[in-house]
Each structure stands twice: as structure tokens, then as C-alpha cells.
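Working notes, structure below.
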Amino acid sequence: MTAPLLVLDLDGTLVDTAADLIATLNIVLAGEGLRPMTRDDAGALLGAGARAMIERGFRLADTPLDTTTLDRLFAAYIPLYEARIAAESRPFPGAVEALDRFAAAGWRLAVCTNKLERLSRRLLDELGLTPRFAAICGGDTFAVRKPDAGHLLGTVERAGGDPARTVMVGDSATDVNAAKNAGVPVVGVTFGYTDAPVASFAPDRVIDHFDELWTAVAAIEASRQG
């Protein structure tokens, strides 16, 4: 029988990357003479990628932004972010212990994120987490990305999993909708990057801390069997 699979989003779910994302963004904005953005300013866009954060920075400054400028600033952002990718980013409390518990119980683990795959792997390498995952799939790994079901289902396939034995964990509407589109149950975390409470997106379970993940997943598995 195929091993059960736990698929996790990265930014705002597995790792708190906000400080490094915003610090890099503010370097780019400062170069354009714009005011820095705070974590509250960024909100859910912390998990939406650099382009979305750059666009919000310009909107907050009431400054026009054309496609050519956006492309230039995005190109500048990537190497700046990569250089400090784990300066302050750390797994959320209890995350590593939760991964260990699932692995010890025979679960495979995977990451499904809209972050570029290269940057995702670099971050997980820096944090010493890469070997834990059977698959690490970014926003450019496939032709589609979350909330498209193909991104999650492609991750499940690469990890050697079965959608019928998979649970997704995420912090945003993008994650919840990707799971629903793929027919996979999903646990929402309350400590991530979203402009609205994760419960409002109707995940199957909601947790406030990784210590609660085992029980939440067990409830989902029980309901599947019942």
C-alpha cells in the first residue's frame, strides 16, 4: 500500500520567511525612492511572490508601475533575496518536531509552494530540511501553479503518493483552493500570511500551532475511513 503523504506549503506555513522577504523588498523599493513596506502592509502577499509585493509597494506609494519596470525590479529582487534567503527565516515553532512525528509513523513528506523551485530548495537547504522531503515543487516546476489542482497533484505524483492518502497543509486561500480543486483534504494554519482568517476559506481542519497537526490529520483520516 502507498504510504500516506503530507504536503506542506512553504512560506507562512512551514517557514516564517516574512522578515527576509520584506527586507529584500524594501531594498528594491528604496532604490525607486519609495517608502518601506511593513509586514502588515504586505499581508497575504507575503505568500504571493515578489511581483505581487512590488506591485503593492507601488500602490501604497500611489506611484504608477508599468510592466517593464516591474520586470526589471523583479529581476533585481531575486538575487538580493537569494543572498539573504535564510538570514532570519526559521521553521515555525513545532514544525520540525511535527515533521519528525509524521516521518516516524511512515508518512512521506512533500512541499508544494508557489515560490520558485530553486529558491525553495535553497531555503530548505540552508535550514537543513531538504532531506526530509520526497518532493519539493515550486511555482515554476509545472505548467500550472496553486490554486490549480495540477500543481498539488503533480507534487503528489513526484513524491510517490496517492491523492486518496494525501493531506495538504497551508495558510492561505490559494492552498485551500488548490487542495479542494485536487479533491485532497486540507489543514489550515492560523499563523501564516493571509488578509482574512484561514477558517473563512473552509479548510477541513484549522490549527493554531504545529503541536496540533497530528490530531487534526488523525481526525481527517478517521473521517475518510468512516
Side-chain angles (χ1 to χ4, degrees), residues 2-24 46-50 77-146 148 150-163 165-172 174-175 178-179 182 184 186-187 189 191-193 207 209-211 213-214 217:
T2 303
L5 176 66
L6 189 70
V7 180
L8 300 103
D9 174 50
L10 186 54
D11 298 81
T13 299
L14 180 60
V15 181
D16 186 359
T17 53
D20 291 324
L21 290 169
I22 292 173
T24 306
L46 283 166
Y77 181 97
I78 297 301
L80 288 171
Y81 176 60
E82 189 168 10
R84 62 163 298 126
I85 198 163
E88 298 182 61
S89 296
R90 297 293 182 270
F92 281 99
V96 174
E97 293 81 2
L99 296 180
D100 288 344
R101 183 171 187 179
F102 278 91
W107 285 67
R108 290 181 183 172
L109 305 170
V111 167
C112 180
T113 173
N114 280 347
K115 197 186 201 78
L116 295 174
E117 181 180 333
R118 175 173 59 85
L119 295 180
S120 302
R121 291 183 178 276
R122 174 69 181 274
L123 174 60
L124 293 169
D125 283 346
E126 292 284 336
L127 297 175
L129 297 177
T130 299
R132 298 171 184 271
F133 298 104
I136 298 169
C137 299
D140 57 339
T141 302
F142 307 109
V144 295
R145 56 190 286 171
K146 296 181 298 184
D148 193 291
H151 190 179
L152 177 53
L153 293 174
T155 301
V156 172
E157 182 178 4
R158 287 204 177 188
D162 178 349
R165 302 203 72 203
T166 297
V167 177
M168 175 75 185
V169 185
D171 68 308
S172 69
T174 298
D175 299 315
V184 170
V186 56
V187 177
V189 302
F191 43 78
Y193 310 148
I207 62 171
H209 192 283
F210 266 102
D211 290 351
L213 183 59
W214 179 265
V217 171

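Note: hydrogens, waters and symmetry copies are ignored here, and every other heavy atom, side chains too, is used. We number each residue from 1, following the sequence as shown.
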Check whether any side-chain heavy atom of V7 sits under 4.5 Å from a side-chain heavy atom of V167, and report yes or no. no
Is the F210 to F92 ring centre distance short of 6.0 Å? no
Scanning both residues in full, the closest heavy-atom pair of L129 with V96 reads CD2-CG2, 4.0 Å
Which heavy atom of G139 sits nearest to which heavy atom of R145, and what is that distance? O-CB, 3.8 Å
Just by modelled atom types, is the G138 backbone N or O under 3.5 Å from a matching donor or acceptor in the H151 side chain? yes
Within the distance-only criterion (no hydrogens, no angle test), does the side chain of D175 pair as donor or acceptor with the backbone N or O of D171 below 3.5 angstrom? yes
Residue pair V189 / V169, side-chain heavy-atom distance below 4.5 Å: yes
Between the main-chain N or O of V15 and the side-chain N or O of R90, is there a donor-acceptor pair closer than 3.5 Å? no
Do P91 and L127 make a side-chain contact, defined as non-hydrogen atoms from C-beta onward lying under 4.5 Å apart? yes
Ring pair (Phe, Tyr, Trp, His ring centres under 6.0 Å): which pairs involve residues 96-121, sequence neighbours left out? F102-W107, F102-W214
So, do L153 and P163 sit near enough that their side-chain heavy atoms are less than 4.5 Å apart? yes
Kindly say whether L21 contributes a backbone atom to a donor-acceptor pair with the side chain of Y77 at under 3.5 angstrom? yes
Side-chain donor or acceptor of K115 paired with backbone N/O of L10 under 3.5 Å: no
Does D11 use its side chain to pair, donor to acceptor, with the backbone of A18 at less than 3.5 Å? no
For R122, is there an ion pair with E126 - N to carboxylate O distance below 4.0 angstrom? yes
State, with a plain yes or no, whether a side-chain heavy atom of L124 is found less than 4.5 Å away from one of L14. yes
Minimum-distance pair of heavy atoms, taken over all atoms of A178 and K146: CB-CG, 3.8 Å
Any donor-acceptor pair under 3.5 Å from D140 side chain to E117 backbone: yes
Among side-chain atoms of Y193 and D9, is any donor-acceptor pair under 3.5 angstrom? no
Please name the pair of heavy atoms, one in A19 and one in E88, separated by the smallest distance, quoted to 0.1 Å. CB-OE1, 3.7 Å
When you check the side-chain N and O atoms of T17 and D20, is any donor under 3.5 Å from an acceptor? no
Which atoms form the tightest heavy-atom contact between L152 and A182, and what is the distance? CD2-CB, 3.9 Å
Would R165 and L5 satisfy side-chain contact (heavy atoms from CB on, under 4.5 Å), going step by step from the backbone distance to the final call? CA-CA 6 Å; R165 302 203 72 203; L5 176 66; over 6 Å; no
Is there a side-chain contact between C112 and L8 (heavy atoms, below 4.5 Å)? no
Keeping the roles fixed (side chain from R108, backbone from G160), state whether a donor-acceptor pair exists under 3.5 Å. yes
Heavy-atom pair of closest approach, residues D211 and G94: OD1-CA, 4.2 Å
